[in-house]
Amino acid sequence: MKRKELIVNGKTESVLYMDKGLGEFFDILSSVPRSSVIVVADRNAVAPTERIFPGFFQKITGPHRITGPHRDGLPIILDATESGKTLGTVEELCRKFEQAGADRDSLIIAVGGGITTDIVGFAASVYRRGVRTVFIPTTLLAQVDAAIGGKNGVNLDGYKNMIGTIRQPLFVFSATDYLLSMPPRLVVSGLSEMLKTFIIGSKEDYETACGIFGLEKHPDQETLSDLIFSAASIKTDIVSEDSFEHGRRELLNLGHTFAHAIETVTEGATAHGLAVAEGIVMAARAGEMLGITEAGFADKIEKDFAECRIRENGKIYGGSPADLLPVMLDDKKMHADGLHLIVPVRLGKVVSVPVTESRLKKILSGL
């Protein structure tokens, strides 16, 4: 089993564990004191979890106090969709926590993809002013990115993650067995975030991942585990250095400013990972226009993404880039000096560039 600590100011704030299956999870859980366990699972994650570990949800609650909806050992079911990522869903979830008898010493466990960990993490961070959480990410995207780093949030009027908190889970437990039967579309979506992290922090892993995924849809489990753990570790190190995004953590937004605008303009029809891939290409094109990105880099990643089947049919966003401007100007990452656009310089190096509205308009026109 692999292990990585997220350390802030000399204190361990969260721990990432990675294993093939879920068996070791219970040994880790047994060391956590709690008054009760409340499990929230994405509806689509229940069957895969039971396939990996039959009876998982019955065992996870253990002999501790179970009341309300949890008395039969079944999880609270969440329909984790982008349209349901709202304050209304959080309010309803907090109500279910109360019905289940959750108190300040309870442990909330989220089982699902990035939308699930975002919603449950946010609900737990505000319920009774903060209850501890554990994440079991069940998708590639969640294992390499969404479940790591403590960002929790929901959307506001179609704008991505405009309301949220930064609060670390007690630990994250990633089981690669979830990925063995994952639909190709979810693998591709998660691969975008993995490659984003490697563009930021590891040229070698980027080339390795492109070489593997460019040849087959499912690399062997050991190699996949190594790549996932590397991506998650890179993000963990960045978050350890800058938990609240006042510096280096901002670089993890590579591709996301464009991506969130694409998701909003397409009213959620574009999957997050695919939007991120399109956003990375746009950021590279923007960087070349600004004279920051190495010439030819955008062409390279376009080719790599196509070979990995992320952009195999060309552009993911078919609309006009100019239509993204109003949404980008309302982005939650706007600063007094303008929008901070994250652009790649080359593999292994990205930078943050503040751009004014007029400059952004020129960039979008150029795209």
Visitor: Give me the atom names and distance for the closest heavy-atom approach of L367 to K315.
Guide: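 What the structure gives for the nearest pair is O-NZ, 4.4 Å.
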
Visitor: With sequence neighbours excluded, tell me which residues meet salt bridge (Lys or Arg N to Asp or Glu O under 4.0 Å) with D237.
Guide: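 For D237, the residues satisfying salt bridge (Lys or Arg N to Asp or Glu O under 4.0 Å) (neighbours in sequence not counted) are K4.
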
Visitor: Hydrogens and angles aside, do Y206 and T197 bring a side-chain donor and acceptor to less than 3.5 Å of each other?
Guide: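 The answer is no; no qualifying pair exists.
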
Visitor: What I'd like to find out is whether the side chain of R311 reaches to under 4.5 Å of the side chain of E302, using heavy atoms alone.
Guide: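 A side-chain contact exists here, since the closest heavy-atom pair is under 4.5 Å.
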
Visitor: I'd like to know if the side chain of R285 pairs up with that of T293 as donor and acceptor (distance under 3.5 Å, no hydrogens or angles considered).
Guide: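 No donor-acceptor contact under 3.5 Å links the two side chains.
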
Visitor: Assess, by modelled atom type and distance only, whether the side chains of Y178 and Q143 contain a donor and an acceptor separated by less than 3.5 Å.
Guide: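 No.
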
Visitor: Is any side-chain heavy atom of L324 closer than 4.5 Å to one of Y317?
Guide: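 Result yes, sub-4.5 Å side-chain heavy-atom pair found.
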
Visitor: Should we say atom NZ of K362 is surrounded by more than 12 heavy atoms from elsewhere, each under 6.0 Å from it?
Guide: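 Counting other residues, nucleotides and ligands, NZ of K362 stays at 12 neighbours or fewer.
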
Visitor: Please check if atom CZ in R185 has more than 12 non-hydrogen atoms from other residues, nucleotides or ligands closer than 6.0 Å.
Guide: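 At most 12 heavy atoms, drawn from other residues, nucleotides or ligands, come within 6.0 Å of this atom.
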
Visitor: Taking atom types as modelled and ignoring hydrogens, do the side chains of S125 and N152 form a donor-acceptor contact shorter than 3.5 angstrom?
Guide: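 Looking only at side-chain atoms, N152 and S125 do not form any donor-acceptor pair under 3.5 Å.
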
Visitor: Spell out, yes or no, whether I166 and I148 are grouped together once hydrophobic residues are joined by side-chain heavy atoms under 4.5 Å, including indirect joins.
Guide: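 No.
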
Visitor: Please step through salt bridge (Lys or Arg N to Asp or Glu O under 4.0 Å) for the pair R132 and D105, ending with a clear verdict.
Guide: CA-CA 8 Å; R132 296 167 302 160; D105 296 318; 5.5 Å; no

Visitor: State whether the number of non-hydrogen atoms from other residues, nucleotides or ligands found under 6.0 Å of N9 atom CG is greater than 12.
Guide: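 No, the 6.0 Å shell around CG holds no more than 12 heavy atoms from other groups.
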
Visitor: Should the pair F56 and F25 be assigned to parallel (<30°), tilted (30 to 60°) or perpendicular (>60°) ring geometry?
Guide: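 Rings of F56 and F25: tilted, 30 to 60°.
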
Visitor: Determine, step by step, whether R51 and S181 satisfy the side-chain hydrogen bond (donor to acceptor under 3.5 Å, both in side chains) criterion, reporting the C-alpha distance in whole Å, the side-chain angles of both residues, the deciding distance to 0.1 Å, and the verdict.
Guide: CA-CA 11 Å; R51 174 184 55 80; S181 59; 3.2 Å; yes

Visitor: Are N161 and K85 close enough that a side-chain donor and a side-chain acceptor fall under 3.5 Å?
Guide: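 Distance-only check passes for N161 and K85.
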
Visitor: For a 4.5 angstrom cut-off between non-hydrogen side-chain atoms, does I109 reach I60?
Guide: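 A side-chain contact exists here, since the closest heavy-atom pair is under 4.5 Å.
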
Visitor: Is there a donor-acceptor pair closer than 3.5 Å between any side-chain N or O of E357 and the backbone N or O of L329?
Guide: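 Not a single qualifying donor-acceptor pair exists.
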
Visitor: Without hydrogens or angle criteria, can the side chains of E250 and S352 be said to hold a donor-acceptor pair below 3.5 Å?
Guide: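 Judged by distance alone, the side chains do pair up.
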
Visitor: Contact between T12 and L6 at the side-chain level, heavy atoms closer than 4.5 Å - yes or no?
Guide: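 The answer is no, as the side chains (C-beta and beyond) never meet within the 4.5 Å cut-off.
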
Visitor: Would you say the rings of F26 and F53 are close, in the sense that their centroids are separated by under 6.0 Å?
Guide: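 Centroid distance F53-F26: below 6.0 Å, so yes.
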
Visitor: Can the ring centres of F173 and F135 be said to be less than 6.0 Å apart?
Guide: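 Not under 6.0 Å, so no.
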
Visitor: Any Lys/Arg nitrogen of E207 or K203 sitting under 4.0 Å from an Asp/Glu carboxylate oxygen of the other?
Guide: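 Salt bridge absent between E207 and K203.
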
Visitor: Just by distance, do the side chain of S243 and the backbone of V239 share a donor-acceptor pair under 3.5 Å?
Guide: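 Confirmed, S243 side chain pairs with V239 backbone.
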
Visitor: Where do D205 and S230 land on the side-chain hydrogen bond (donor to acceptor under 3.5 Å, both in side chains) test, with the steps shown first?
Guide: CA-CA 8 Å; D205 283 330; S230 177; 2.5 Å; yes

Visitor: Report yes or no: do H272 and E193 form a side-chain donor-acceptor pair below 3.5 Å?
Guide: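 Yes, E193 and H272 have a side-chain donor paired with an acceptor closer than 3.5 Å.
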
Visitor: Checking side-chain polar atoms at under 3.5 Å, does T264 have a donor or acceptor matched by the opposite partner on K160?
Guide: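 There is no such pair between these side chains.
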
Visitor: Would you say the side chains of S225 and T176 form a donor-acceptor pair under 3.5 Å?
Guide: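 Note: S225 and T176 side chains miss the donor-acceptor criterion.
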
Visitor: With sequence neighbours excluded, tell me which residues meet side-chain hydrogen bond (donor to acceptor under 3.5 Å, both in side chains) with R346.
Guide: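 By the side-chain hydrogen bond (donor to acceptor under 3.5 Å, both in side chains) rule, R346 matches no residue at all.
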
Visitor: How many angstroms lie between atom NE2 of H256 and atom CG of D331, to the nearest 0.5 angstrom?
Guide: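 It is 11.0 Å, given to the nearest 0.5 Å.
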
Visitor: Take D79 and R43 through the test salt bridge (Lys or Arg N to Asp or Glu O under 4.0 Å) and record every step on the way to the result.
Guide: CA-CA 6 Å; D79 289 307; R43 187 179 301 279; 2.6 Å; yes

